[in-house]
Q: 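Sharing a structure, written as structure tokens. Questions coming.
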Amino acid sequence: MSETTEAPVTPFTIGDPLDSPSHPVEIPDIDEEWTVDKGFTWVFHGKDEDGNDKSTLTRPVIIADGFNHGKSKLKELYEFLEGEDYPLISELRRRGKDVVLLGFDNRTDSIMTNSKAVEGTIREAIARRSGNERLIVGGFSMGGLIARYTLARMETDFHEDEHQTGVYFSFDTPHRGASIPVGVQAFAYLLPYGLDLKPHPFTQQMNSPAARQMLWQHYDKTTQKIGVAPERTALLNELDRVGQWPRIPRKLAVANGRGDGIGLPDVEPGEVTLRLDVRYPGTTFYAQAQGDDVTVAYLNRKFPATERTITTSGFPELDGAPGGTLATYEILANAMIEAGGEADLRHPHVCFVPSVSAVDILDFARQEDLYARVDGLDPSQSGVDEFHCSPTTTPHTLPTEELCTWLMARF
């Protein structure tokens, strides 16, 4: 290997934990499998009154996968939804609901592209359904945003009740955007190409259409500037075109973050979150602070030699904010250690989807809005009919008993 090139770094991504279950669970026989444009499904029929599996689809609940790199992994999605904190799939089936897990051919495609998969699944469920029970349609994280857009688009571009959906739900969905520290985004472009001569998976992920649409602020590789990506502007314009939200279904949202304005008090603004050495000597990430020209990362790569300081201006204190958390720095630290480096990890988890975004009640560019007490705000400010925040800060998309039972009581 040349002295001016860098050894490969083991593939990793920083995305929804939906395909990262902590332990396997037994998956029952799949009753149906559908292939739709841009996606695919596993279908599990609900139970009848005697606790036996039904033979037909009668009460479909469509659950769309979230954001990560590459193709959805429905086995891991099932295990995460069933075996982490609360057996969501089993409980839905016990109540007679038919669970339709929807995966995407490419989770980093744009929301408009993956909307085709949601529309196709809705139409397939309607065609296969026995009876006239209205659908329940939603998703976890970005899956909830894709489902929201799809339902609104179908009402706008077709008949207003084209989707025959009675309830829409979202689970820690970034309705008003998500946050991955911009220093981490910038670091993605310092990772070496793989042995397949393609950019590192994390590099691809951060530069993907989905990331550009989802992230509140995006670091642009070419310009090295931080701002709203053109793809996000296009998404917001398209949401405006379809009326922002579907009008027909009852709309529900839950947040993994707290609603009392308390986030991660241990993550002090300006503190070191992670420091790397050996492969990226002295590279240091700092928790987001307010102010102008605030240093959020110092990046240093040996081969080829690159040194860069990443600064922000006018940002709120995002990393310790109320919201569903992501193990952003823990994932990064573990990957660097596995690649032969050293890591001094201070704060493994930071806010990913602010609570105010998950329940669509406020934008979060301002500090006072990001840390607002959601529970004390006028619910009519939200685009949903009813929402619920976690009583404690929990990991992004974690299906806790509190949030799952709240949703199912309204299904």
Q: Does a side-chain N-to-carboxylate-O contact under 4.0 Å join Arg107 and Asp65?
A: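 So Arg107 pairs with Asp65 through a salt bridge.
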
Q: Does atom CG (Asn237) have a neighbourhood of more than 12 heavy atoms from anything else shown, all under 6.0 Å?
A: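 Yes, CG of Asn237 has more than 12 neighbouring heavy atoms, counting only those of other groups under 6.0 Å.
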
Q: What I want to find out is whether Arg250 reaches Glu386 closely enough, with some N-O distance under 4.0 Å, to be called a salt bridge.
A: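 Yes, this pair counts.
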
Q: So is Arg123 actually on top of Phe158's ring, under 6.0 Å and inside 45° of the axis?
A: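 Flagged: Arg123 positioned over aromatic ring of Phe158.
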
Q: Taking NZ, NE, NH1 and NH2 as the nitrogens, is one of them in Arg94 or Glu91 under 4.0 Å from a carboxylate oxygen of the other?
A: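 A salt bridge links Arg94 with Glu91.
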
Q: Surrounding CD of Glu26 (heavy atoms of other residues, nucleotides or ligands, distance under 6.0 Å), is the total greater than 12?
A: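 For Glu26, atom CD is not crowded (no more than 12 foreign heavy atoms under 6.0 Å).
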
Q: Before we go on, tell me: are the rings of Tyr78 and Trp42 under 6.0 Å apart, centre to centre?
A: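 Between Trp42 and Tyr78, which both carry aromatic rings, the centre distance is not below 6.0 Å.
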
Q: Does a side chain donor of either Gln244 or Asp240 reach within less than 3.5 Å of an acceptor in the other side chain?
A: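 Their side chains do contain a donor-acceptor pair, which is all the 3.5 Å distance test asks for.
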
Q: Answer yes or no: is there an ion pair linking Lys251 with Asp385, defined by an N-O contact shorter than 4.0 Å?
A: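 Salt bridge present between Lys251 and Asp385.
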
Q: From Asn300 CG over to Arg279 CZ, what is the distance, rounded to the nearest 0.5 angstrom?
A: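 Those atoms lie 13.5 Å apart.
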
Q: Atom CG in Asp53, atom NZ in Lys47: separation rounded to 0.5 Å?
A: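 Atom-to-atom, Asp53:CG and Lys47:NZ are 3.5 Å apart.
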
Q: Just by distance, no angles: are the side chains of Glu32 and His45 close enough, under 3.5 Å, to form a donor-acceptor pair?
A: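 Checked: Glu32/His45 side chains pair up, N/O donor to acceptor below 3.5 Å.
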
Q: Looking at Asp157 and Arg241, is there a salt bridge between them, counting it only when a charged N and a carboxylate O are closer than 4.0 Å?
A: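 Looking at Arg241 and Asp157, the cut-off is met.
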
Q: For the NZ atom on Lys71, are there more than 12 heavy atoms of other groups (residues, nucleotides or ligands in this structure) within a distance under 6.0 Å?
A: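 Counting other residues, nucleotides and ligands, NZ of Lys71 stays at 12 neighbours or fewer.
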
Q: Please determine, by modelled atom types, if Ser115 and Arg153 share a side-chain donor-acceptor pair under 3.5 angstrom.
A: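 Ser115 vs Arg153: donor-acceptor pair found between side chains.
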
Q: With a distance cut-off below 6.0 Å to the six-membered ring centre and an angular limit of 45° from the axis, does Lys73 pair with Phe80 as a cation-pi contact?
A: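 Relative to the ring axis of Phe80, which defines the angle, Lys73 lies outside at least one limit.
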
Q: Using the six-membered ring wherever Trp is involved, compare the ring planes of Phe315 and Trp216 and label them parallel, tilted or perpendicular (cut-offs 30° and 60°).
A: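 Perpendicular: the ring planes of Phe315 and Trp216 meet at over 60°.
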
Q: How are the rings of His175 and Trp245 set relative to one another: parallel (under 30°), tilted (30 to 60°) or perpendicular (over 60°)?
A: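 Rings of His175 and Trp245: tilted, as their planes differ by 30° to 60°.
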
Q: Between Asp220 and Lys225, does any side-chain N to carboxylate O distance fall below 4.0 Å?
A: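 No, no charged N to carboxylate O under 4.0 Å.
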
Q: Whether the Gln205 and Thr108 side chains hold a donor-acceptor pair (N or O, under 3.5 Å, no angle test) is what I'd like checked.
A: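 Judged by distance alone, the side chains do not pair up.
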
Q: Taking the side chain as every heavy atom from C-beta outward, state whether Leu252 and Phe387 have any pair of such atoms under 4.5 Å apart.
A: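 Leu252 does not reach Phe387 side chain to side chain.
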
Q: Decide whether Thr393 and Arg258 meet the rule of one side-chain donor and one side-chain acceptor closer than 3.5 Å.
A: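 Side chains of Thr393 and Arg258: no pair found under 3.5 Å.
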
Q: Do Phe187 and Phe202 have their ring centres less than 6.0 Å from each other?
A: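 No; Phe202 has its ring centre 6.0 Å or more from that of Phe187.
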
Q: Look at the aromatic rings of Phe171 and Phe140 and report parallel, tilted or perpendicular, splitting at 30° and 60°.
A: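 Ring orientation of Phe171 relative to Phe140: parallel.
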
Q: Would you find more than 12 non-hydrogen atoms of other residues, nucleotides or ligands less than 6.0 Å from Lys38 atom NZ?
A: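 Not more than 12 within 6.0 Å, no.
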
